[in-house]
Amino acid sequence: MKKECVLVSGGAGYIGTHTTVELIGAGYDVVIIDNFSNSEMKAVEGVRQITGVEVPFEQVDTCDEAALRRVFEKYDFNSVIHFAAYKAVGESVAEPLKYYRNNLVSFMNICALMREFGRRNILFSSSATVYGEAEVLPVTEQTPRKPATSPYGNTKQMAEDILRDCCAAYDGIRGIALRYFNPIGAHPSALIGELPRGVPQNLVPYITQTAAGIRECLSIFGNDYDTPDGTCLRDYIDVVDLAKAHVAAVGRMTREAMKSDYEIFNIGTGRPVSVLELVEGFEKANSLKLNYKIVDRRAGDVPAVWADTSLANEELGWSADRPLEETLRTSWQWEKHVRGIE
């Protein structure tokens with residue numbers, strides 16, 4: 001029996017690599033495309049090493065429609081997971097056109113070619129940023145989207161709308177948007193993980209780089225929020241759990257189990273964890289002390305956001321189950337692997 005094949009755009013990135021590993025483990029064939037704007041070939045090699053599969057790879061920019069068309073002509077896949085996007089919030093504020101051009105043109109190219117070639121299933125990598133500063137917590141899929149606070153967030157909202165409208169207009173196109181909360185951690189093998197270029201924009205890579213001596217001190221932005229310990233509350237999900245949610249969503253589409261042609265799911269743990277709890281949890285999990293300090297609040301940070309994941313739990317048959325301590329341990333193992341630390 002022929003395996004289902006999935007195209008993973010941005011498949012050399014942090015979430016893309018982990019999702020590819022889980023797809024292969026679940027019995028899918030996978031084709032990775034990436035332009036290495038924020039990733040490296042050694043990530044693809046890590047996937048091949050973990051899975052023992054010589055995963056096909058094409059160096060393609062999804063904004064290049066001609067190059068993308070050649071991928072559609074070469075490979076027989078019926079589902080695509082679209083990760084390829086710029087994701088730094090601060091950079092998007094400084095360079096909005098860069099973000100609108102890349103994040104939207106790339107996705108429209110995917111949608112147009114899926115329609116043209118008669119491919120059915122589009123899984124879009126969205127974000128909890130679409131909720132903004134929600135008035136009621138935890139957020140559900142029915143929580144109103146707030147006006148985006150950055151061009152990055154706006155591209156996520158707009159891409160969701162593009163997918164919804166394509167699913168409504170074009171027979172045969174079905175879509176699922178997964179709204180991620182805060183992915184952290186690395187594969188237990190320490191062969192793939194988050195590898196930011198330059199100064200990390202996310203908390204855990206900054207924590208691990210501080211532990212490794214790459215960064216002198218970790219800054220915690222504000223301890224005067226209306227939260228139990230004054231630091232921001234977030235929903236931190238292990239990247240392997242997140243990857244498994246994609247496998248469940250692709251399975252839902254390929255089994256014809258969707259209840260409508262366009263669906264949305266929150267992908268988180270449903271458990272709020274404060275920044276300070278995360279830092280202290282990392283110290284405990286890895287038996288070390290971090291150099292950190294409290295500084296002023298950072299513009300754009302919402303005090304608290306976490307997910308109600310009951311819809312994903314019920315409809316996808318998926319839940320996040322990796323313990324936070326284990327996740328923080330894999331983060332440090334990955335950092336040590338990258339830096340050659342014993």
Side-chain angles (χ1 to χ4, degrees), residues 5-13 15-16 19 30-39 57-89 91-93 95-130 145 147-180 246 249-250 253 258 260-265:
C5 184
V6 182
L7 177 71
V8 181
S9 74
I15 302 172
T19 298
V30 179
V31 177
I32 295 174
I33 59 174
D34 205 297
N35 67 352
F36 295 141
S37 64
N38 195 34
S39 57
F57 171 77
E58 303 282 344
Q59 188 168 345
V60 168
D61 186 333
T62 45
C63 287
D64 183 343
E65 187 179 12
L68 190 58
R69 178 181 297 277
R70 289 191 288 273
V71 172
F72 274 75
E73 291 168 345
K74 182 175 179 179
Y75 297 98
D76 183 19
F77 53 86
N78 203 36
S79 302
V80 61
I81 304 178
H82 184 64
F83 292 113
Y86 296 146
K87 62 177 187 175
V89 172
E91 183 187 48
S92 79
V93 174
E95 296 281 353
L97 284 176
K98 175 180 177 180
Y99 274 67
Y100 287 123
R101 182 180 294 115
N102 183 76
N103 293 9
L104 298 180
V105 170
S106 64
F107 188 54
M108 287 189 287
N109 284 344
I110 290 281
C111 292
L113 289 169
M114 290 291 284
R115 182 190 179 209
E116 180 182 334
F117 282 80
R119 314 291 171 84
R120 289 179 64 80
N121 307 317
I122 304 174
L123 183 53
F124 175 63
S125 165
S126 193
S127 168
T129 190
V130 302
R145 296 188 321 187
T149 57
S150 70
Y152 161 75
N154 207 19
T155 65
K156 291 298 184 185
Q157 292 185 349
M158 294 169 76
E160 283 190 358
D161 294 343
I162 289 167
L163 182 55
R164 179 200 64 210
D165 293 346
C166 286
C167 293
Y170 306 132
D171 286 342
I173 295 291
R174 296 175 302 196
I176 292 178
L178 299 184
R179 292 174 175 169
Y180 313 157
H246 293 78
V250 169
M253 291 194 284
M258 294 175 66
S260 65
D261 286 337
Y262 175 63
E263 297 179 335
I264 298 165
F265 296 99

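Start at 1 with the first residue, then count along the sequence.
Rounded to the nearest 0.5 angstrom, Cys111 SG and Tyr170 OH are separated by 9.0 Å. With rounding to the nearest 0.5 angstrom, the CG atom of Asn102 is 12.0 Å from the CG atom of Leu97. Atom CD1 of residue Ile264 and atom CG of residue Leu163 lie 9.0 Å apart, to the nearest 0.5 angstrom. Atom-to-atom distance recorded for Glu263:CD and Leu178:CG is 10.5 Å, nearest 0.5 angstrom. The line from CG of Leu68 to CD of Glu73 is 10.0 Å long, rounded to the nearest 0.5 Å. In this structure, the separation between CG on Asp34 and OG1 on Thr62 is 8.5 Å, given to the nearest 0.5 Å.
Of all heavy-atom pairs spanning Ser126 and Glu160, the tightest one is OG-OE2, 2.6 Å. Looking at every heavy atom in both residues, Ser150 comes nearest to Val93 through CB-CG2, 4.1 Å. Pairing each heavy atom of Phe36 with each of Ala12, the nearest pair is CE2-CB, 3.9 Å. When every heavy atom of Cys167 is checked against every heavy atom of Gly175, the shortest pair comes out as SG-N, 3.2 Å.
Listed for the Glu65 side chain is no donor-acceptor partner under 3.5 Å among the backbone atoms of Asn109. For Thr19 (side chain) and Gly16 (main-chain N/O), no donor-acceptor pair under 3.5 Å exists by modelled atom type. Side-chain atoms of Arg119 come within 3.5 Å of backbone N or O of Phe77 as a donor-acceptor pair. Between the side chain of Asn103 and the main chain of Thr155, no donor-acceptor pair closer than 3.5 Å is present. Without hydrogens or angle criteria, Arg115 side chain to Cys166 main chain gives no donor-acceptor distance under 3.5 Å. Judged purely by atom type and a 3.5 angstrom limit, Asn78 uses its side chain to pair as donor or acceptor with the backbone of Arg120.
Between Val80 and the options Val6, Ile33, Ile122, a side-chain contact (heavy atoms from CB on, under 4.5 Å) holds for only Ile122. Exactly one residue among Phe107, Phe83, Tyr262 makes a ring pair (Phe, Tyr, Trp, His ring centres under 6.0 Å) with Phe124. That residue is Phe107.
With respect to Arg70 and Glu58, no salt bridge is recorded, no charged nitrogen being found less than 4.0 Å from a carboxylate O.
Ring geometry for His246 against Tyr180 counts as perpendicular: the plane angle is over 60°, on a 0 to 90° scale with 30° as the lower cut.
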Worked check of side-chain contact (heavy atoms from CB on, under 4.5 Å) between Cys5 and Val31: CA-CA 7 Å; Cys5 184; Val31 177; 4.0 Å; yes
Determine whether Thr129 and Tyr152 satisfy the following criterion, side-chain contact (heavy atoms from CB on, under 4.5 Å), listing intermediate values before the conclusion. CA-CA 9 Å; Thr129 190; Tyr152 161 75; 4.0 Å; yes
side-chain contact (heavy atoms from CB on, under 4.5 Å) between Lys156 and Ser125, intermediate numbers included: CA-CA 8 Å; Lys156 291 298 184 185; Ser125 165; 4.1 Å; yes
Walk me through it: do Asn121 and Met258 pass the test side-chain contact (heavy atoms from CB on, under 4.5 Å)? CA-CA 11 Å; Asn121 307 317; Met258 294 175 66; 5.6 Å; no
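Side-chain contact between Asp161 and Arg145: present, with at least one pair of heavy atoms (C-beta onward) separated by less than 4.5 Å.
For Tyr99 and Glu91, the side-chain atoms include at least one donor-acceptor pair closer than 3.5 Å.
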